[in-house]
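These numbers come from the heavy atoms of this one structure, side chains and all, not from hydrogens, waters or symmetry mates. Positions are given from 1, in the same order as the sequence printed here.
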Amino acid sequence: MPEREKLFLIDGTAIIYRAHFAFIRNPLINSKGEHTSALFGTINSFLKLVDDFSPKHLFITFDRKEPTFRKKISEEYKATRPPMPGELVSQLKPIYEFFDEIGIVNCSKAGFEADDVISTLATIYQDRYEIVIVTGDKDFAQIVNDNIKLYDPFKAKMTDADAVLEKFGVAPEKFLDFLALMGDSADNIPGVKGIGKKGAATLLNQFGSLDEIYSHIGEISSKSIKSKLTENKKNAYLSRKLAEIITDVELEIASEETFAFHPETMHNGLVLLDEYELPSLWKKIISMNVEIDFDFSDKSPYNKESTYYKAITIDNETTFNELLIKLREHKIVAIDTETDNINSLVANLVGISLCFNEQEAYYLPLRHRMYD
C-alpha cells in the first residue's frame with residue numbers, strides 16, 4: 001500500500017512550556033526588555049518540523065483559561081502546579097499571532113485540554129492520514145497505535161507502540177491503567193501510593209487491566225501490594241478518570257482544507273519576528289528554499305516596499321559548486337553568521353549566509369541543533 005500523507009497535530013501548550021524552560025538559566029530578552037525565550041523556542045521547533053518533514057497538513061491547539069471538566073471531577077487536579085510565570089504569559093499573544101498569521105488553525109475548545117482536542121482529531125482522521133502528534137507529553141502514549149505516533153521536536157524522536165512498550169513496560173492500550181496505578185505528581189493525580197513504574201507494569205502485564213487487578217486481588221501474593229491496592233482503590237479509579245484523554249470532543253471542522261499547510265504563507269510571520277527582534281528565525285524562514293513575495297510594514301528595519309527573494313540552502317554538491325562559482329564572479333559579497341547564542345564570547349557558529357545581490361542568497365548550514 002502507498003504511504004499515507006501525514007497529519008501533524010501540534011500540542012502548542014506543551015511546546016511553549018518546553019521552550020520556556022529550555023532557556024530558564026539564560027533567558028532571551030530583546031532590547032525592549034521583552035522576554036522572547038518561549039516565542040523563539042516555539043517558533044524554532046515549528047520551523048524545524050517544517051524543515052524535517054515538509055508537512056502538508058497541520059493543526060495546533062493550546063490549553064485555554066477556562067476550567068476543564070476534570071476540575072469538576074476533582075478540585076485537586078493540577079492544584080499543586082504553580083501559576084504560569086508572568087514572563088511566559090506575556091509571550092502567549094505573539095505566539096498565537098504568529099501561527100494565526102501563517103495560516104495554522106488553532107483548534108481549541110473551552111472546557112477541554114489541548115490533549116483532548118488533539119486526541120479527538122487523531123481519532124477522527126486516523127483512517128485518512130498517518131497521525132503524528134507533536135508533543136513531549138507522555139500522556140498521549142495511551143492513544144498510540146499503528147496509525148498514531150508521537151514526535152518530540154526537542155529530541156527529534158518518534159514514538160510508536162513498540163517504543164511505548166520499551167520505555168514504560170506496558171503497551172499503549174494499558175497505559176491509562178498504568179497512570180491510574182502510578183499516578184502523576186505533575187498533575188496532582190494520586191494513583192496508588194507506594195506503587196511506581198515497575199510495580200504498575202508488573203501488575204498490568206500479569207492481570208491485563210485495572211479492573212482485572214481488582215477482580216483478582218486475592219491472587220496477589222505480596223501482602224504489601226495487596227494492602228496498598230485495597231486502601232487506594234478509590235484513588236486508582238479517580239486517577240484513571242483524571243488521566244484519561246477524551247477522544248470525542250465536539251469540534252467544528254469545516255473541511256480538510258482547514259488544516260492544509262502552505263509553506264509560502266510563513267512569510268506572513270516575518271514582520272512579527274522583526275518586531276520581537278528574532279533575526280535568526282527571520283533568516284531561517286528565508287533560507288528554507290521557499291520562494292516568497294512579501295511586503296514589509298513601515299515598522300520593518302528592512303524598509304522595502306516590495307522584495308522578491310530567493311534563498312538557496314547549500315545541502316548538496318551541486319549547490320555548493322554554484323556558490324563557489326558565484327564567489328569567483330563577484331567582487332563584493334555580504335556575509336552574515338548564524339550562531340546559537342547572542343553572546344559572542346560563548347556563541348558557536350551554526351551557519352553562514354552569503355549574498356551577492358538583492359534577489360538571491362546562499363545559506364551554508366554547519367552545526368544545526370535545537371539547543372545545547
Inset, instruction - Report the C-alpha distance between Tyr129 and Phe259 in whole Å, list the side-chain angles of each, state the deciding distance to 0.1 Å, and finish with yes or no for ring-ring contact (aromatic ring centres under 6.0 Å, His included). - result: CA-CA 12 Å; Tyr129 298 96; Phe259 47 83; 5.7 Å; yes
Ignoring hydrogens and angles, write down the donor-acceptor pairs under 3.5 Å from the side chains of residues 189-198, residues two or more places apart or on other chains.
residue : atom : partner : partner atom : Å
Lys197  : NZ   : Lys167  : O            : 2.8

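- Listed by first and then second residue, the ring pair (Phe, Tyr, Trp, His ring centres under 6.0 Å) pairs that reach into residues 64-98 are Phe62-Tyr96, Phe69-Phe112, sequence neighbours excluded.
- Here the closest heavy-atom approach between residue Val144 and residue Ile148 is recorded as CG1-O, 3.4 Å.
- For Asp187, the salt bridge (charged side-chain N to carboxylate O under 4.0 Å, His left out) partners are Arg81, not counting sequence neighbours.
- With hydrogens and angles left out, the side-chain atoms of Asp336 and Tyr363 include no donor and acceptor closer than 3.5 Å.
- For Gln126 and Asn145, the side-chain atoms include at least one donor-acceptor pair closer than 3.5 Å.
- At a threshold of 4.5 Å between non-hydrogen side-chain atoms, the residues Ile60 and Cys107 do not count as touching.
- Between Arg18 and Asp152 a salt bridge is recorded (basic side-chain N to carboxylate O distance below 4.0 Å).
- Residues satisfying the ring pair (Phe, Tyr, Trp, His ring centres under 6.0 Å) test with His216, not counting sequence neighbours, are none.
- The CD1 atom of Ile29 sits 8.5 Å away from the CD atom of Glu87 when rounded to the nearest 0.5 Å.
- Leu324 is connected to Leu366 through a chain of hydrophobic side-chain contacts under 4.5 Å among Ile, Leu, Val, Met, Phe, Trp and Tyr, so both are in one cluster.
- At a cut-off of 3.5 Å, with distance as the only test, a side-chain donor of Ser227 or Glu231 sits close to an acceptor on the other residue.
- For the pair Lys326 and Glu322, the salt-bridge criterion is not met [side-chain N within less than 4.0 Å of a carboxylate O].
- Here the closest heavy-atom approach between residue Glu275 and residue Lys32 is recorded as O-NZ, 2.7 Å.
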Kindly list each side-chain donor-acceptor pair under 3.5 angstrom involving residues 135-142, sequence neighbours excluded, with atom names and distances?
residue : atom : partner : partner atom : Å
Thr135  : OG1  : Asp11   : OD2          : 3.0
Thr135  : OG1  : Asp137  : N            : 3.0
Asp137  : OD1  : Asp139  : N            : 2.9
Lys138  : NZ   : Asp184  : OD2          : 3.0
Gln142  : OE1  : Ile245  : N            : 3.0
Gln142  : NE2  : Asp139  : O            : 3.1
Gln142  : NE2  : Ala243  : O            : 3.1

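- Side-chain contact between Ile133 and Leu150 is present, with at least one heavy-atom pair separated by less than 4.5 Å.
- By the neighbour-count criterion of 12 heavy atoms within 6.0 Å, atom NZ of Lys78 is densely surrounded, having more than that number from other residues, nucleotides or ligands.
- Cluster annotation: Ile73 and Leu176 are assigned to distinct hydrophobic clusters (Ile/Leu/Val/Met/Phe/Trp/Tyr, side-chain heavy-atom contacts under 4.5 Å, transitive).
- Ser353 and Glu338 form no side-chain donor-acceptor contact under 3.5 Å, judged by distance and modelled atom types alone.
- Note: Phe99 and Phe46 meet the aromatic proximity criterion, with ring centroids under 6.0 Å apart.
- When every heavy atom of Ile15 is checked against every heavy atom of Ser45, the shortest pair comes out as CG2-OG, 3.3 Å.
- Centroid-to-centroid, the aromatic rings of Tyr237 and Tyr214 come within less than 6.0 Å.
- Under the 4.5 Å side-chain heavy-atom criterion for ILVMFWY residues, no single connected hydrophobic cluster contains both Phe178 and Leu165.
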Inset, instruction - Go through Val117 and Leu121 one step at a time and tell me if the side-chain contact (heavy atoms from CB on, under 4.5 Å) criterion holds. - result: CA-CA 6 Å; Val117 173; Leu121 293 169; 4.1 Å; yes
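- At least one side-chain heavy atom of Lys174 sits less than 4.5 Å from a side-chain heavy atom of Asn205.
- Ile325 and Ile332 fall into different hydrophobic clusters, where Ile, Leu, Val, Met, Phe, Trp and Tyr are joined by side-chain heavy atoms under 4.5 Å apart, directly or via other members.
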Can I get a per-line list of side-chain donor-acceptor pairs under 3.5 Å for residues 50-57, giving both atom names and the distance, sequence neighbours left out?
residue : atom : partner : partner atom : Å
Asp52   : OD2  : Lys48   : NZ           : 2.7
His57   : NE2  : Glu5    : OE1          : 2.6

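- Ion pairing between a basic and an acidic side chain is recognised when a charged N comes within 4.0 Å of a carboxylate O; Lys6 and Glu130 show such pairing.
- More than 12 heavy atoms of other shown residues, nucleotides or ligands fall within 6.0 angstrom of atom NZ in Lys226.
- Side chains of Asp116 and Ser119: a donor-acceptor N/O pair is absent below 3.5 angstrom, by distance only.
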